[in-house]
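Okay, so here's the structure we're looking at.
Within every chain, numbering begins at 1; the chains are lettered A, B, ... in the order of the sequence lines, protein sequences first and strands thereafter.
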2 protein chains.
Amino acid sequence: MHVSVTIKDVAKKANVAPSTVSRVISDSPRISEKTKRRVRKVMDELGYHLNYNGRVLVSQSTQTIGIVTKVASVHSFDNPFFSELLRGISDACHEKDYSIYLTTGNTEESIYREVVKMVQGKRVDGVIVLYSREDDNVVPYLRECNFPFVMIGKPVSHTSDTMFVDNDNVQASKEVTDYLIGLGHQKIGFVGGDSHYEVARDRLSGFKLSLREQGLELTEDYLKNIQSGKADAETVVEELLQLTEPPTGLVITDDYNSMKVMRALEDKGIRLPDEMSIVGFNNTMIARLSKPPLTTVDTQSFQLGHESARSLIELLNHPDMVKKSIIIPTIIVERESCIRHKVEKSESEQDYQAPH
Amino acid sequence: MHVSVTIKDVAKKANVAPSTVSRVISDSPRISEKTKRRVRKVMDELGYHLNYNGRVLVSQSTQTIGIVTKVASVHSFDNPFFSELLRGISDACHEKDYSIYLTTGNTEESIYREVVKMVQGKRVDGVIVLYSREDDNVVPYLRECNFPFVMIGKPVSHTSDTMFVDNDNVQASKEVTDYLIGLGHQKIGFVGGDSHYEVARDRLSGFKLSLREQGLELTEDYLKNIQSGKADAETVVEELLQLTEPPTGLVITDDYNSMKVMRALEDKGIRLPDEMSIVGFNNTMIARLSKPPLTTVDTQSFQLGHESARSLIELLNHPDMVKKSIIIPTIIVERESCIRHKVEKSESEQDYQAPH
DNA sequence: TATCGATATGATATCGATTTCATAATTTGA
DNA sequence: TCAAATTATGAAATCGATATCATATCGATA
């Protein structure tokens with residue numbers, strides 16, 4: 001490895017003091033153009049490059065932000081939603097010349113330790129927490145030591161004094177349920193994710209809200225969760241199909257899960273979308289490429305990531321700014337996974353609705 | 001933000017010298033147990049936590065590794081292959097207590113600048129380059145300044161003195177082409193990615209090798225590329241179908257592209273797998289969830305990432321170690337996107353095939 | 001010409017840790 | 001019991017940069 005040339009080496013060769021070199025680096029107006037030129041020339045000759053660690057130590061600022069996420073959750077590496085978030089964050093960081101530092105832990109405990117290390121070890125200036133979760137200890141920790149952070153998702157508590165970027169998930173979920181109802185579906189199932197996450201609850205309540213407003217009854221049997229370690233898509237599908245009156249439409253809170261459910265349904269011989277309409281969430285690339293292409297709620301994950309990074313950086317530069325929160329609008333993007341429900345002739349006369 | 005407590009504060013309160021505290025932190029055997037206990041107690045009371053930047057400055061080691069990737073390539077954020085790589089890297093880093101630093105640039109130029117910043121600015125101890133590309137300037141730069149790095153993919157040059165982790169891509173590609181031929185396909189197309197990448201070339205030559213060995217003729221018209229900014233899946237499919245004798249099987253060098261092609265084919269009314277057999281690469285989650293589920297070459301991307309990080313860390317700890325390279329085996333995972341090709345009666349009677 | 005005010009640069013302390021060298025305290029051996 | 005060897009700790013330099021304060025130089029003004 002090549003030997004580093006420091007500010008002192010430059011200073012010596014250029015016959016100036018280290019402080020002068022430092023000023024040249026920051027292009028201070030207090031140094032004459034003549035000296036600047038000379039010093040810069042020497043820097044070139046010597047191949048000088050600034051060592052960040054030295055600067056970090058005195059400036060107490062790393063110009064890097066930490067990303068906290070959990071493996072094995074919706075917010076995790078193998079979900080394209082995560083990638084989009086990351087891409088948005090990365091993009092914003094690049095704009096502002098910030099760097100990204102990633103947690104690598106697998107368990108709650110190890111993630112917590114890593115966050116402490118990032119924060120106390122002063123490795124990052126601020127943190128973006130990619131989830132909002134009820135029994136989480138990272139956020140309370142950050143709050144306690146008053147460390148700058150932004151979360152993606154609605155905080156479980158302290159909503160007014162924490163910065164967050166989120167969608168209006170209950171509204172989004174309500175709209176998409178309305179959409180299914182508008183298509184004539186009456187028996188609609190809900191397949192959520194891990195209910196420890198705030199986003200899961202919001203989407204569930206949006207779903208319920210829609211049913212209520214539209215005068216449909218809530219069937220507990222239609223409410224399912226896909227949760228790693230507990231219920232997978234196959235189980236959920238099985239349970240749903242075993243019901244005497246299986247749903248004809250499904251609101252599934254994540255594209256990835258939607259895909260899994262679609263495959264499980266087809267394994268059971270259900271034709272899509274004919275026998276089951278499905279809407280997903282996030283509008284990831286899998287929604288575009290699935291078969292049938294998935295109608296989904298675009299949560300604009302790139303924007304979510306982008307805004308969170310922008311806000312955090314703004315907060316870092318203006319520590320006293322008001323802790324605003326940002327709501328990114330959602331859009332239903334219609335593709336081919338939903339069809340108008342065909343009225344069945346059957347027992348009672350629910351059949352005799354007017355055709356549309 | 002809370003005020004930091006430093007080693008000096010601890011020293012003062014515990015009535016010892018800063019050097020003693022430092023020794024307690026590193027659990028030096030030269031400090032008596034009694035003193036250690038006392039100092040540790042004070043550290044607890046004061047809520048002391050080590051500041052990494054101070055340590056980094058003297059130890060000249062950051063315990064973090066940089067990841068270099070390009071947005072908008074196979075190796076990019078929106079491809080699940082990338083996520084798997086990242087997961088593998090992250091996992092290995094966590095094991096060894098290393099941290100991850102991510103590049104955020106979009107253009108070749110900005111990525112190059114970021115790498116220089118990482119390297120010269122001493123922000124990372126080593127880097128993993130997630131691609132191997134012909135006209136790349138990052139790798140030559142790293143080589144020139146003798147900075148530790150590992151690449152994923154086969155180096156364009158200097159193969160023997162650079163560490164890399166790769167699959168045997170020509171072999172893998174040959175095998176999977178053999179597989180298609182073994183299924184009775186004679187007219188096989190190849191859909192590659194950006195041909196600037198080494199991996200694309202290797203897979204193409206494996207493909208050609210297979211044809212040659214199996215005594216099939218190479219049809220130039222069957223060789224296509226999906227390349228952002230140039231040809232997309234729709235174009236490729238259109239071109240392929242316009243041929244007087246379209247292929248009956250397709251080797252596509254990435255699952256993601258396979259999916260796109262599959263959708264494009266279906267848009268053209270081609271039934272899958274009946275009218276076109278397809279194999280992909282990487283065995284990402286989209287292969288599992290696609291319809292039909294995709295037969296694909298498992299490149300074991302998690303392992304690829306994992307091994308690259310392990311190797312790099314090993315290199316960092318033993319700078320003089322031999323620059324070994326690691327080849328991760330590939331496995332064809334058969335799913336439902338390929339079927340045995342039904343032998344056609346010659347042109348004239350090809351309609352009179354037996355129904356199946 | 002003496003003084004003041006810019007302007008340009010240097011000397012030095014500092015950020016928070018580690019490490020080398022020195023020294024004090026304790027134990028060992030003769 | 002005293003020198004030698006060991007053990008435990010402290011003082012100070014250091015990593016590479018920045019920032020504060022001091023000083024030298026120069027031109028302008030009275």
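Side-chain nitrogen and oxygen atoms of A/Gln60 include at least one within less than 4.0 Å of the OP1 or OP2 phosphate oxygen of C/dG16. Applying the 4.0 Å criterion to OP1 and OP2 of D/dT7, one finds that B/Ser32 has every side-chain N and O outside that range. Taking 4.0 angstrom as the limit, B/Arg30 places none of its side-chain polar atoms (N or O) nearer than this to OP1 or OP2 of D/dA8. The phosphate of D/dT9 (OP1 or OP2) has a side-chain N or O of B/Thr35 nearer than 4.0 angstrom. Taking only side-chain nitrogens and oxygens, A/Tyr48 comes nearer than 4.0 Å to OP1 or OP2 of D/dA17.
Across the protein-nucleic acid pair, B/Asp27 atom CG and C/dT18 atom C1' stand 16 Å apart, rounded to whole Å. Regarding B/Leu57, its CG atom lies at a distance of 8 Å from the C1' atom of D/dA17, rounded to whole Å. Taking atom OH of residue A/Tyr52 and atom C1' of nucleotide D/dC15, one finds them 18 Å apart after rounding to whole Å. Going from atom CD1 of B/Ile31 over to atom P of C/dT18 covers 13 Å, rounded to whole Å. C/dT9 atom P lies 11 Å from atom CZ of A/Arg37, rounded to whole Å. One atom, NZ of A/Lys122, and another, P of C/dA17, lie 8 Å apart when rounded to the nearest Å. Rounded to an integer number of Å, the gap from CD of A/Gln120 to P of C/dG16 is 13 Å.
Closest approach to the B/Arg55 side chain among C/dT18, D/dT18, C/dG16 is made by C/dT18 (side chain taken as heavy atoms from C-beta onward). Of the candidate nucleotides C/dT9, D/dT9, C/dA17, C/dA17 has the atom nearest to the side chain of B/Asn51.
Between B/Glu33 and B/Lys36 there is a salt bridge, since a side-chain N of the basic residue sits under 4.0 Å from a carboxylate O of the acidic one.
Side chains of A/Ser308 and A/Ser311: no donor on one and acceptor on the other come within 3.5 Å.
Contact detail for B/Lys122 and A/Asn53: the closest heavy-atom pair is O-OD1, 2.8 Å. Scanning all heavy atoms of the two residues, the minimum distance from A/Tyr48 to A/Thr6 falls at CE1-C, 3.6 Å. When all heavy atoms of A/Asp125 and A/Gln60 are compared, the pair lying nearest together is OD1-O, 4.5 Å. Taking both residues in full, the closest heavy atoms of B/Asp97 and B/Gln63 are given as O-NE2, 3.6 Å, listed atom of the first, atom of the second, then distance.
Taking the six-membered ring where tryptophan is involved, the planes of B/His306 and B/Phe302 are essentially parallel, since the angle between them stays under 30° and well short of 60°.
Nucleic acid contact for B/Asn53: none, since no nucleic acid atom lies under 4.0 Å from a heavy atom of the residue. Residue A/Ser26 is out of contact with every strand shown, counting any heavy-atom pair closer than 4.0 Å.
Mapping A/Gly54 and B/Arg38 onto DNA chain D via the closest heavy atom, the residue that lands nearer the 5' end is B/Arg38. Sequence order on DNA chain D of the closest nucleotides to B/Arg23 and B/Val58 puts B/Arg23 first from the 5' end. Each of A/Thr20 and B/Ser22 has a nearest nucleotide on DNA chain C; the 5'-most of these lies closest to A/Thr20.
Atom CZ of A/Arg23 and atom OG of A/Ser28 lie 6.5 Å apart (nearest 0.5 Å).
Within the shown strands, C/dT1 is the pairing partner of D/dA30 under the Watson-Crick or G-U definition, both distances less than 3.5 Å.
Annotation: proximity of residues 6-19 of chain B to DNA chain D (heavy atom, distance under 4.0 Å) is found for B/Asn15, B/Val16, B/Ala17, B/Ser19, numbered in ascending order.
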